[in-house]
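We count ligands from 1, going down the list as the structure has it; atoms in each ligand are counted the same way.
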Amino acid sequence: MYDYLIVGAGLAGSVLAERLASIANKKVLLIDKRNHIGGNTYDYYNSDGILVHKYGPHIFHTNSKEVFDYLGYFTEWRPYEHHVLASVDGQLVPIPINQNTVNALYGLNLSGEQVQDFFNSKAEKKDQILTSEDVVVSVVGRELYEKFFKHYTIKQWALDPSELDASVTARVPTRTNKDNRYFTDVFQAMPLEGYTNMFHRLLDHPNINIMLNTDYKDVLDEINYKTLIYTGPIDGYFDYCFGKLPYRSINFKSQTIDTENYQATGTVNYPMSQGYTRITEFKHLTGQRHEKTSIVYEYPTAEGDPYYPIPRKENTEIYNQYKTLAASEPNTYFTGRLGTYKYYNMDQVVAQSLALFKKINKEVVAINGNGLVSAAI
Ligand code: FAD
Ligand code: UDP
């Protein structure tokens with residue numbers, strides 16, 4: 001008999017498995033339908049011996065010391081600050097848009113203050129910032145919005161930015177200084193030996209059994225467990241009873257090139273008419289030295305694995321119906337990017353799982369403390 005059956009061996013499921021096994025001494029069965037652990041962060045050495053990320057570039061960054069320290073039990077870190085260039089008007093310029101971007105694009109030499117004045121002169125006043133168009137246009141104006149955001153967003157989401165929640169493009173700020181980093185989080189680093197190695201250490205516990213290549217629906221009746229933790233798509237769990245939640249997927253086209261270095265930064269974004277959104281060269285991220293290099297192109301698509309929940313009101317309304325149903329599902333918790341239909345970064349998923357563990361553990365302690373051993377635990 002397992003105390004917990006956890007569906008999904010990504011960050012959400014694996015962090016919970018580790019906490020329940022090692023802190024609460026619970027017996028856990030972790031199931032994934034893929035042939036590997038790690039979920040979308042999975043990395044491996046390709047046939048040329050280059051460490052690549054199977055599901056697109058994963059760069060770790062967080063402001064949470066708790067999350068950074070927690071993962072630090074299972075990996076050493078390699079300091080890495082991600083830089084991204086955007087291919088605009090025949091030039092490669094830094095994104096997030098900053099002082100260097102404006103000066104390079106327009107052949108100017110503006111100070112930070114002058115860049116702020118430049119933005120102010122272009123910005124369109126909005127009473128309310130509701131959409132992903134509003135976020136950008138209200139700060140830098142329509143021209144830069146069209147160059148950097150409009151077409152990239154249409155490619156990525158198959159929606160105009162005006163049809164997406166503000167939170168989507170708000171992930172990419174605007175700066176008036178010369179900070180070319182993509183992220184400004186306090187902690188920015190990559191697992192020294194890769195994500196998959198970190199997962200092997202996370203899950204290396206006698207209380208954890210792992211079953212790969214298994215869809216939980218095919219084995220649910222055969223497994224004895226008390227509580228289910230589900231990190232797959234929430235609409236699938238409920239057989240799409242309120243309709244399908246839309247997700248975006250990506251076709252990853254990888255290539256190894258017989259040259260040591262392909263591009264100047266980890267990622268180059270292509271916000272114009274190319275079919276792909278960005279190209280990432282993994283050696284920048286991993287720090288690996290190799291005579292060849294591997295890159296990946298990202299082609300967004302509607303079909304395929306559900307990678308991105310699509311943040312917009314219509315979808316949140318559908319999700320809220322599933323959420324209400326989920327709250328009344330006995331002995332079952334939903335978490336993770338797909339289980340809660342949230343456009344979460346890795347650190348947010350880890351924080352969410354740590355919080356859920358604390359909640360579950362408190363419930364266990366409270367019920368045991370009352371002398372009741374609940375069937376729900
Ligand atoms: P997942 O990793 O998706 O894990 C869910 C698991 O459940 C999967 O392994 C799946 O196979 C399994 N599953 C689903 N259904 C079933 C079923 N029926 N039976 C059995 N198993 C099932 N975050 C960052 O912080 N930095 C980045 O740079 C970054 N880049 C990203 C790039 C891309 C292209 C994508 C798609 C995401 C990126 N992310 C990034 C986000 C990051 O991938 C997620 O936050 C994190 O991996 C989510 O973890 P999870 O466990 O919730 O989900
Ligand atoms: N975005 C854009 N142009 C860019 C970078 C980002 O329009 O050069 C928009 C786009 O809508 C994208 C969103 O901002 O989906 C979030 O970007 P981020 O790089 O965080 O996307 P992720 O890494 O999650 O795919």
Side-chain angles (χ1 to χ4, degrees), residues 6-16 30-42 53-62 67 82 84-88 93-97 132-133 135-136 145-157 159 161 164 167-173 182-183 185 188 190 195 199 211-220 230-234 236-237 247-250 252 266-272 277-278 280 285 296 298 300 305-311 335-340 342-350 352-353:
I6 301 183
V7 178
L11 268 175
S14 299
V15 167
L16 276 156
L30 182 62
I31 291 190
D32 205 296
K33 65 181 182 184
R34 289 172 170 164
N35 64 359
H36 58 74
I37 55 174
N40 286 343
T41 73
Y42 176 71
H53 298 180
K54 180 161 185 184
Y55 305 97
H58 278 73
I59 298 114
F60 188 79
H61 56 100
T62 188
V67 167
H82 195 48
V84 181
L85 292 168
S87 172
V88 173
V93 294
I95 171 105
I97 296 172
S132 271
E133 177 183 304
V135 170
V136 184
Y145 160 74
E146 297 213 342
K147 286 186 196 296
F148 288 86
F149 286 91
K150 186 176 167 85
H151 305 290
Y152 186 109
T153 299
I154 291 172
K155 279 194 268 186
Q156 172 70 18
W157 302 96
L159 289 168
L164 275 168
S167 59
V168 176
T169 53
R171 290 166 60 92
V172 184
Y182 204 61
F183 308 111
D185 299 53
Q188 304 190 40
M190 297 290 285
Y195 289 99
F199 273 83
M211 198 187 266
L212 297 176
N213 301 303
T214 309
D215 190 315
Y216 81 103
K217 287 199 171 167
D218 297 336
V219 294
L220 209 52
Y230 181 79
T231 75
I234 189 168
Y237 179 90
Y247 298 91
R248 275 310 263 175
S249 194
I250 296 185
F252 299 107
T267 298
V268 175
N269 285 358
Y270 290 86
M272 291 299 173
T277 49
R278 56 189 179 189
T280 296
L285 280 53
V296 65
E298 294 180 47
D305 276 0
Y307 293 141
Y308 288 85
I310 305 179
T335 192
R337 177 147 147 152
L338 303 172
T340 56
K342 295 280 180 314
Y343 184 5
Y344 275 165
N345 292 327
M346 290 182 278
D347 64 321
Q348 294 171 297
V349 168
V350 173
Q352 187 189 35
S353 284

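- The shortest N/O to N/O separation between Lys33 and ligand 1 falls below 3.5 Å.
- Side chains of Arg34 and Tyr42: no donor on one and acceptor on the other come within 3.5 Å.
- The atoms of ligand 1 that sit less than 4.0 Å from any heavy atom of Leu338 are 3 (O).
- The closest protein non-hydrogen atom to atom 14 (C) of ligand 1 is Gly232 CA, 3.8 Å.
- Under the 3.5 Å distance criterion, with hydrogens and angles disregarded, a donor-acceptor pair is assigned to the side chains of Arg171 and Asn345.
- Summarising the geometry, atom CD belonging to Gln352 is positioned 11.0 Å from atom CG belonging to Leu11; distances are rounded to the nearest 0.5 Å.
- Residue contacts with ligand 1 for Tyr216 involve both N, CA, C or O and side-chain atoms from C-beta outward (heavy atoms, distance under 4.0 Å).
- Among all protein heavy atoms, the one lying closest to atom 28 (O) of ligand 1 is Ile59 N, 2.7 Å.
- With a 4.0 Å cut-off on non-hydrogen atoms, Tyr55 touches ligand 1 through its backbone and not its side chain.
- The closest protein non-hydrogen atom to atom 18 (N) of ligand 1 is Asp215 OD1, 3.1 Å.
- Remark: ligand 1 and Gly56 share no N or O pair separated by less than 3.5 Å (distance only, no angle test).
- On a distance-only criterion, Asn40 and ligand 1 share at least one N/O pair closer than 3.5 Å.
- Ligand 1 has Tyr308 within reach: a non-hydrogen atom of the residue lies less than 4.0 Å from it.
- With sequence neighbours excluded, no residue forms a ring pair (Phe, Tyr, Trp, His ring centres under 6.0 Å) with Phe199.
- Residue Gly39 has at least one heavy-atom neighbour below 4.0 Å for each of these atoms of ligand 1: 2 (O), 9 (O).
- With ligand atoms numbered from 1 in the order given, ligand 1 contributes 36 (C) to contacts under 4.0 Å with heavy atoms of Tyr307.
- Shown here for Phe149 and Val136, the closest heavy-atom pair between the two residues is CD1-CG1, 3.5 Å.
- Taking the six-membered ring where tryptophan is involved, the planes of Phe183 and His82 are essentially parallel, since the angle between them stays under 30° and well short of 60°.
- Some N or O of Ala12 is nearer than 3.5 Å to an N or O of ligand 1, by distance alone.
- Of all atoms in ligand 1, listed by their number and element, those nearer than 4.0 Å to a heavy atom of Gly8 are 6 (C), 7 (O), 12 (C).
- A donor-acceptor contact shorter than 3.5 Å links the side chain of His58 to the backbone of Gly56.
- Not a single N or O atom of Thr41, backbone or side chain, sits closer than 3.5 Å to an N or O atom of ligand 1.
- Near Arg34, with a cut-off below 4.0 Å to any heavy atom, the atoms of ligand 1 are 8 (C), 9 (O), 11 (O).
- Ile6 pairs with exactly one of Ile31, Leu30, Asp32 by the side-chain contact (heavy atoms from CB on, under 4.5 Å) rule, that one being Leu30.
- Where the criterion is an N or O separation shorter than 3.5 Å, residue side chain and backbone included, Pro57 meets it with respect to ligand 1.
- At least one heavy atom of Thr214 sits under 4.0 Å from some atom of ligand 1.
- Between the side chain of Lys342 and the main chain of Gln348, no donor-acceptor pair closer than 3.5 Å is present.
- Counting all heavy atoms, side chain and backbone alike, Pro309 lies closest to Tyr307 at CD-O, 3.8 Å.
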Before you tell me yes or no, could you show the steps for His61 and Tyr182 under side-chain contact (heavy atoms from CB on, under 4.5 Å), namely the whole-Å CA-CA distance, both residues' side-chain angles and the distance that decides it to 0.1 Å?
CA-CA 10 Å; His61 56 100; Tyr182 204 61; over 6 Å; no
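- Considering only heavy atoms from C-beta on, Ser87 stays 4.5 Å or farther from Val93 through its side chain.
- Proximity of a side-chain donor or acceptor of Ser353 to a complementary backbone N or O of Val350 within less than 3.5 Å is not detected.
- Regarding atom 41 (C) of ligand 1, its nearest protein heavy-atom neighbour is Arg337 NH1, 3.3 Å.
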Would you please test Arg337 and Asn40 for side-chain contact (heavy atoms from CB on, under 4.5 Å) and show each step?
CA-CA 10 Å; Arg337 177 147 147 152; Asn40 286 343; 5.7 Å; no
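- Taking a distance limit of 4.0 Å, we find that atom 53 (O) of ligand 1 is approached by no protein heavy atom.
- Atom NZ in Lys54 sits 10.5 Å away from atom CZ in Phe252 (nearest 0.5 Å).
- If you check which protein heavy atom lies closest to atom 4 (O) of ligand 1, you get Gly10 CA, 3.7 Å.
- In this view, Asp215 and Lys33, Lys217, Asp218 satisfy the side chain to side chain contact (heavy atoms under 4.5 Å, CB included) rule, not counting sequence neighbours.
- The distance criterion of under 3.5 Å between nitrogen or oxygen atoms is not met by Glu298 with respect to ligand 1.
- Considering only non-hydrogen protein atoms, atom 10 (C) of ligand 1 sits nearest to Asp32 OD1, 3.5 Å.
- Leu338 has its side chain within reach of Tyr247: a pair of non-hydrogen atoms, C-beta onward, lies under 4.5 Å apart.
- Shown in contact with Gly336 at under 4.0 Å from a heavy atom are these atoms of ligand 1, numbered in order with element: 52 (O).
- Listed by number with element, the atoms of ligand 1 under 4.0 Å from a non-hydrogen atom of Tyr344 are 41 (C), 44 (C), 45 (O).
- Between the side chains of Thr335 and Thr231, not a single donor N or O lies within less than 3.5 Å of an accepting N or O.
- Using a 4.0 Å cut-off between heavy atoms, Val349 contacts ligand 1 through its side chain alone, with no backbone atom that close.
- The shortest N or O to N or O distance between Tyr230 and ligand 1 is not under 3.5 Å.
- Residues lining ligand 2 at a heavy-atom distance below 4.0 Å are given as Ile95, Phe148, Phe149, Tyr152, Thr153, Gln156, Trp157, Val168, Thr169, Arg171, Val172, Tyr182, Asn269, Arg278, Tyr308, Tyr343, ordered by chain and residue number.
- Contacts of Gln156 classified as side chain to side chain contact (heavy atoms under 4.5 Å, CB included), with partners at least two apart in sequence or in another chain: Tyr152, Ile250, Thr277, Pro300, Tyr308.
- Annotation: Gly13 places no N or O atom under 3.5 Å from an N or O atom of ligand 1; distance criterion only.
- Atom 43 (O) of ligand 1 has its nearest heavy-atom neighbour, among Arg248, Lys217, His58, Met346, in His58.
- When all heavy atoms of His36 and Tyr55 are compared, the pair lying nearest together is NE2-OH, 2.8 Å.
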